[in-house]
2 protein chains.
Amino acid sequence: MTKNANQQGATASSRIFEVLRQDLLNGRFGAGERLSISALKDTYQVGLSPLREALNRLAAYGLLRQENQRGFRVLELSRGELDDITEMRRQMEGMAIERAIEHGDDEWESQLLAANHRLSLTDESTSVNQWEFLHSRFHNALVEPCGSVWLLRFIGQLHDQFDRYRRVAPGSPELRGRLDAQHKELVDLVLARDRKGARELIEDHITLSSQVAQLSLTPCSG
Amino acid sequence: MTKNANQQGATASSRIFEVLRQDLLNGRFGAGERLSISALKDTYQVGLSPLREALNRLAAYGLLRQENQRGFRVLELSRGELDDITEMRRQMEGMAIERAIEHGDDEWESQLLAANHRLSLTDESTSVNQWEFLHSRFHNALVEPCGSVWLLRFIGQLHDQFDRYRRVAPGSPELRGRLDAQHKELVDLVLARDRKGARELIEDHITLSSQVAQLSLTPCSG
DNA sequence: CTAAGTCAAATAATCGATTATTTCTAGAAA
DNA sequence: TTTCTAGAAATAATCGATTATTTGACTTAG
């Protein structure tokens with residue numbers, strides 16, 4: 001999906017898809033907002049056809065809702081949906097990390113250590129975009145060798161859904177500190193090949209992360 | 001997704017999306033085949049724009065592969081992918097049926113009995129399309145009250161993927177008979193609110209069904 | 001007043017034509 | 001023969017204009 005957008009021969013469709021996807025995750029549009037096609041055309045300087053193709057993909061991917069003859073809308077944010085996404089992430093990433101520990105080789109361990117190191121080196125001077133990039137690289141590395149293309153696909157999709165909440169939530173230094181500490185612990189459990197332990201911790205990690213994301217739903221946040 | 005296609009104000013895009021989806025599931029196109037856009041335009045009597053929008057949706061949904069500047073291709077069939085889809089179905093539908101038994105009410109029991117009855121009334125005079133419709137209605141009814149929109153979405157997507165294999169496989173009366181018997185047993189276990197038993201049986205059911213689907217991969221099937 | 005109806009403006013969807021890229025073919029050089 | 005390279009043909013992607021539908025303001029009947 002993302003892959004095609006940064007390549008040499010990327011089409012206008014795939015480029016605008018990726019830009020819109022990022023903007024949707026970053027909360028550039030309000031929840032439930034109606035997207036005016038001609039307005040998007042102007043702001044993103046892109047033709048109607050590639051724009052509509054990108055919007056169709058985003059709707060099929062689950063980041064937009066399409067209503068016949070009424071265009072496209074940003075999805076709402078709700079506590080119920082966040083809880084659903086959170087529980088699904090717990091189940092699927094728990095499953096994936098167990099399988100990854102089963103199948104992952106030495107090269108995986110190295111990549112994981114590297115990904116965690118790069119993430120841990122970030123500080124106040126790091127851009128949000130760069131941190132998000134390294135953070136998702138780390139989480140991806142954790143589950144990558146699980147052996148299931150479809151499991152990885154669903155996990156990626158759920159991450160995007162989850163990030164719609166997390167990225168618009170106000171920061172919480174206390175929770176953030178605990179979450180960062182868990183990244184290191186996750187690596188340790190993986191290196192120790194502790195399947196049950198790693199599963200429990202990633203489930204806790206997702207639950208804690210969900211507490212941050214929930215802050216996006218409190219009225220005082222906007 | 002499907003909902004918008006049969007409605008009153010369905011657009012050309014949503015109609016052709018649904019038609020193409022069904023044709024892809026029914027194996028109308030060969031695995032790995034390149035879809036010529038202008039050929040599709042002629043055979044389906046539809047304009048270029050709605051056709052391209054539908055193809056973009058199908059690619060995002062996972063029924064087509066899109067290569068920049070090289071159009072759209074039907075996905076290949078492989079044993080590895082079928083095994084992946086099968087295992088994911090086992091996990092997710094197992095999870096879903098447990099949750100459905102936890103949450104489902106009397107109305108659900110009634111709907112499930114009805115769905116099974118309608119399916120069991122089919123015979124040689126029933127069209128394949130009608131049987132497929134009732135069969136998917138039954139399986140959908142089984143998991144419907146699981147309480148997770150995302151779980152249901154993923155299960156539906158995996159069913160479509162699985163059906164690409166199953167529908168092009170040669171029939172096996174012996175396996176089909178056993179599968180049909182399991183439908184009734186599933187209803188009984190659900191009515192008895194036997195979570196573990198129902199989970200085990202649906203996992204077996206999916207594995208057995210996968211044995212049918214595997215027949216699509218043997219050379220002698222074509 | 002309210003509710004149903006009508007028209008104009010706004011906007012989504014679609015069409016037909018154009019542009020850009022890939023693929024195929026044929027010929028030339030190694 | 002093989003490999004490389006035009007150039008032509010095929011096809012994917014995009015554009016600009018047109019059509020269809022919805023929305024909202026304004027009537028008018030009840």
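Below, read A as the first sequence line, B as the second, and so on, with proteins coming before strands; counting in each chain starts at 1. No hydrogens, no waters, no symmetry mates; every other heavy atom, side chains included, goes into these values.
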**Request:** Under the ring pair (Phe, Tyr, Trp, His ring centres under 6.0 Å) rule, what do A:H183 and A:H117 come out as? Steps first, then yes or no, please.
**Result:** CA-CA 10 Å; A:H183 290 152; A:H117 187 62; over 10 Å; no
**Asked** Can you check the B:Q66 CD to C:dT22 P distance for me, whole Å?
**Response** 14 Å
**Request:** May I have the distance from A:L51 (atom CG) to D:dA13 (atom C1'), rounded to whole angstrom?
**Result:** 14 Å
**Prompt:** Looking only at side-chain N and O atoms, does A:R70 come under 4.0 Å of OP1 or OP2 in C:dA13?
**Reply:** no
**Request:** Inspect the contact between B:R99 and B:E102 and indicate whether a charged nitrogen and a carboxylate oxygen are less than 4.0 angstrom apart.
**Result:** no
**Asked** At under 4.0 Å, does any side-chain N or O of B:S13 touch on OP1 or OP2 of C:dT14?
**Response** yes
**Item:** First encountered from the 5' end of DNA chain C, between A:R34 and B:R34
**Value:** A:R34
**Message:** Without decimals, in angstroms, what is the distance between B:E67 CD and C:dA20 P?
**Reply:** 23 Å
**Item:** Trace of the salt bridge (charged side-chain N to carboxylate O under 4.0 Å, His left out) decision for A:E33 with A:R73
**Value:** CA-CA 6 Å; A:E33 179 181 339; A:R73 296 191 157 277; over 6 Å; no
**Complete:** Picking from D:dA13, C:dT14, C:dT23, the nucleotide nearest the side-chain atoms of B:L48 would be D:dA13
**Request:** Using whole Å, report how far NZ of A:K41 lies from C1' of C:dT14.
**Result:** 15 Å
**Request:** Answer yes when A:R176 and A:D180 have at least one side-chain N-carboxylate O distance shorter than 4.0 Å, and no when they do not.
**Result:** yes
**Request:** Calculate the interatomic distance between A:N68 atom CG and C:dT11 atom P; express it in whole Å.
**Result:** 19 Å
**Item:** A:H139 and A:H205 aromatic centres sub-6.0 Å
**Value:** yes
**Asked** Using a cut-off of less than 4.0 Å, is there contact between a side-chain N or O of A:R52 and OP1 or OP2 of C:dA12?
**Response** no
**Complete:** Comparing A:P50 with B:G71, nearest DNA chain D nucleotide closer to 5' gives the residue B:G71
**Prompt:** Pick the nucleotide of DNA chain D nearest each of A:Q69 and A:G47; which residue has the one closer to the 5' end?
**Reply:** A:G47
**Request:** Determine the contact category for A:L35: base if any of its heavy atoms lies under 4.0 Å from a base atom, sugar-phosphate if only primed atoms, P, OP1 or OP2 are that close, otherwise nothing.
**Result:** sugar-phosphate
**Item:** Distance in angstrom units between B:R73 CZ and D:dA12 P, rounded
**Value:** 11 Å
**Fill in**
The nucleotide from C:dA12, D:dT14, D:dA12 with an atom nearest the side chain of A:T11 is D:dT14
**Asked** Roughly, in whole Å, what's the span from CZ in A:F72 to P in D:dT22?
**Response** 15 Å
**Item:** Selected nucleotide, minimal atom distance to A:I37 side chain, candidates D:dG16, C:dA12, C:dT14
**Value:** C:dA12
